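Since the model is a prediction, treat every value here as computed from it, not as a measurement.
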Number of protein chains: 2
Amino acid sequence: MGPRAAETRTRTPLTRERVLQAASDLADRDGLEALTMRALADSLGVEAMSIYYHLPNKDAILDGVVELTFAEVATEAQGQGAGGSPADAAGWAAAVRERILGARRVLLRHPWAPVVIDQRKSFSPAMVRHVDGIVGIMREAGMSHDLIHHSLHAIGNRIYGYVQELSDDGQAPPPGQLEQMQSFAPNLAAMLAEVAHVDPESTLGWCDDQVEFEFGLDLLLEGIERRRVTEAAA
Amino acid sequence: MGPRAAETRTRTPLTRERVLQAASDLADRDGLEALTMRALADSLGVEAMSIYYHLPNKDAILDGVVELTFAEVATEAQGQGAGGSPADAAGWAAAVRERILGARRVLLRHPWAPVVIDQRKSFSPAMVRHVDGIVGIMREAGMSHDLIHHSLHAIGNRIYGYVQELSDDGQAPPPGQLEQMQSFAPNLAAMLAEVAHVDPESTLGWCDDQVEFEFGLDLLLEGIERRRVTEAAA
DNA sequence: GGAAGAAGCCTCACGTTGTAAGGTGAACGA
DNA sequence: TCGTTCACCTTACAACGTGAGGCTTCTTCC
C-alpha cells in the first residue's frame, strides 16, 4: 500500500496543482488584488513561505492560473461539437465563432484572467493550443497563412485582452454626471441618453457586454470571410 | 511686480502639472512599474510626501497622466485636418480612421497608458472628448445612436485596450521553442514558419504592429459602413 | 516692526507586499 | 542508528503607499 495508508492526521499535502487551484478560486472569490502570497497560504491552511517549495515565485503562480484557465477552455471546447469537422469553406466562421465564444464563457467566470494575461507575456501551452485550433479551422477553409496571421491579430485583442469595459456595476453613472458631460461632450451625452433605457431586460445595465462582444466579433468574422473569398478567387 | 521677482534661489516649485509631467516622463523612460512615489519625488528633487500636498494619492496621479496623454491626443488631432468637416456619409470612415490612428500614434509614445487605462475606470474628460469627437463624425454620417454605440464598443478595445501584443522585442522566439511547438501546435507552428521571414524590412520583427492594427481597424470600419448603408436604406 | 497663520516641504513611522536565509521535525535508505 | 531528503515554518528585509505631524518661509494685518 502507499504511504497514504499509514497517514495519521496530517492535512492533505500541498502540491503545485492544489496551490494553483486555490489561487484561481481565491481570485474568483475576492479579486485579483486579494491574491497575495499570505492570503493564498491562508486559504490552504499553511504559511506563505511553504508555497515556495512548490512554485518558485508569484509570477509562476500567475502563469499557472492562466494555464489552468485555458485548460478549462479546452474542456469547454471539446464538450461542444468535437466530433466531425464542420470547418469547410462555408462553415469556418461559425466554428471559429463558437471557439471564441466558448473561451469567452470561461473567461467570464475568471474575470481576472484577461488582466493577468496581458500584464505579462504569458504564452501558456494551453493558450497556444487554443490558438492553434483556430488556425487549424481557418487552414481547412483554405485561407493563406498570411491572412490567418492578420486575422489572429485582429481577433486576438478581442478575446484575451477582453476587459469588463465601461460600467461594471451595470448601473447608470451618478445622475449629475451625464448632464455635466452634456456641456463638453454633447454627442456622447446624446447617445447615452437614448441608448441607456432601450432594453432594461438585458443582462447588465445599459451595455450588454455579450451583445457588444458578438457585434464586434461578427464584424471581424464577416470582414475576414470577404478577404478569404477574394483570396480564393485569385 | 509679482513675487517671482523677489525669488532668490529656491528650486522651481512643485505644481500638480509639474508632478504629472514628471510622472509621465518617468513612465516613458523606465516603465510603469518604476513609477513609484519615491522615484517620482526623486526625479523632482523632492521627498515623496511632498507630492501629497499637490495630489491626494497615487491613483490621482495615474488618472492625471492618462488625462495628460489624452490632451496630447487632442493636440495631435487638431494638428491634422481640423478645418472642414469631411465627415459626410462617404467619408466618415476615413475621418474616424484618422482620429483613431492619431490616438494610436500618441499611445505608442506612452505604452504604459493603455495598461493604466484599463486597470482603472479612468474616464478622464479629455478621453471622453476624444470619444465624443468620433460619435460626432458618425452622427454626421447619419448613423443611429444604437449603431454608433455598438461600433464604439467594437472599436473601443482596439484603441484603449491596445497592448503591445506578442514579441515586444521584435525578434523571433528562442530558436528551439518553435520546433517544440510544432509537436503540440502544428498549425500555429506552420503559420509562424511561413510568416516569420516574409518582410524583414517591416518596422518590428515578424509582426508589424502597425500593419496588424490597421488590418483589424479596417475590418471593423468596413463592417460598420455596411451596417450604416443597411440602416440608411430602411 | 511684530505676531499670526498659511503654504510648502520634510521626517518619522506603520502596515502590507514579495521573498531570501535558514531552522525544524518526520520519513527513509544505509 | 545515522545522516539525508522532504515538506513546512520562523524570522527578517527591502520596497511600496501613505497617515501624522514638524519645520521653514512667505504673506497679511495691526
Tabulate protein N/O versus nucleotide N/O from nucleotides 22-24 of chain D, keeping only pairs under 3.5 Å, one per line.
none

| request: Check whether any side-chain heavy atom of A:Leu14 sits under 4.5 Å from a side-chain heavy atom of A:Ser50, and report yes or no. | output: yes
| field | Value in whole Å for how far the C1' atom of D:dC6 lies from OH of A:Tyr53 | value | 5 Å
Show the distances under 3.5 angstrom between N or O atoms of the protein and N or O atoms of nucleotides 13-17 of chain D.
unit_1 : atom_1 : unit_2  : atom_2 : d
D:dC16 : N4     : B:Arg38 : NH2    : 3.4
D:dG17 : OP1    : B:Lys58 : NZ     : 2.7
D:dG17 : OP2    : B:Met37 : N      : 2.9
D:dG17 : N7     : B:Arg38 : NH2    : 2.8
D:dG17 : O6     : B:Arg38 : NH2    : 3.0

| B:Ala41: what forms a side-chain contact (heavy atoms from CB on, under 4.5 Å) with it, not counting sequence neighbours? | B:Val46, B:Ala48, B:Ile51
| Counting side-chain heavy atoms from CB outward, which of D:dC9, C:dC9, D:dA7 is closest to A:Val46? | D:dC9
| Just how far, in rounded Å, is P of D:dG19 from CD1 of B:Ile51? | 14 Å
| query | Between C:dA7 and B:His54, is there an OP1 or OP2 to side-chain N/O distance shorter than 4.0 Å? | reply | no
| task | Let me know the distance between CZ of A:Arg18 and P of D:dA7, rounded to the nearest Å. | result | 13 Å
What donor-acceptor contacts under 3.5 angstrom involve side-chain atoms of residues 26-37 of chain B, with partners at least two apart or in another chain?
unit_1  : atom_1 : unit_2   : atom_2 : d
B:Asp28 : OD1    : B:His110 : ND1    : 2.8
B:Asp28 : OD1    : B:Trp112 : NE1    : 2.6
B:Asp28 : OD2    : B:His110 : ND1    : 3.0
B:Thr36 : OG1    : B:Ala39  : N      : 3.1

| said: Apply salt bridge (Lys or Arg N to Asp or Glu O under 4.0 Å) to residues A:Glu72 and A:Arg105 and explain how you reach the verdict. | reply: CA-CA 10 Å; A:Glu72 238 180 281; A:Arg105 251 173 273 133; over 6 Å; no
| field | A:Met49 side chain, from C-beta outward: closest of C:dC9, D:dA20, D:dT11 | value | D:dT11
| With sequence neighbours left out, what residues match A:Asp59 under side chain to side chain donor-acceptor pair (under 3.5 Å)? | A:Arg120
| query | Among all residues two or more places apart in sequence or in another chain, which pass the side chain to side chain donor-acceptor pair (under 3.5 Å) test with A:Glu67? | reply | A:Ser124
| message | Tell me every residue that passes side-chain contact (heavy atoms from CB on, under 4.5 Å) with A:Asp42, counting only those two or more places apart in sequence or in another chain. | response | none
| said: Just to be sure I understand the geometry, which residues of residues 24-32 of chain A put a non-hydrogen atom under 4.0 Å away from DNA chain D? | reply: none
| remark: In short, the helix from C:dG1-D:dC30 to C:dG29-D:dC2 is bent end to end, axes from five pairs each side, to 10°, by 20°
| query | If you check every side-chain atom of B:Ala48, which of D:dT10, C:dC9, D:dT18 has the closest atom? | reply | D:dT18
| remark: Across all chains, not counting sequence neighbours, the salt bridge (Lys or Arg N to Asp or Glu O under 4.0 Å) partners of B:Arg38 are none
| query | Below 4.0 angstrom, N of the basic side chain to O of the carboxylate: do A:Glu76 and A:Arg104 qualify? | reply | no
| For B:Glu47, side chain to side chain donor-acceptor pair (under 3.5 Å) partners two or more places apart | none
| task | Return the set of residues passing side-chain contact (heavy atoms from CB on, under 4.5 Å) with A:Leu221 (not counting sequence neighbours), or none when no residue passes. | result | A:Trp92, A:Val96, A:Arg97, A:Ile155, A:Leu217, A:Asp218
| task | Send over the distance from B:Arg16 CZ to C:dG8 P, rounded to a whole Å. | result | 15 Å
| request: Can you tell me the distance, in whole Å, between the CG atom of A:Leu40 and the P atom of C:dT19? | output: 12 Å
| field | A:Ser50 side chain near D:dC9 phosphate (N/O to OP1/OP2, under 4.0 Å) | value | yes
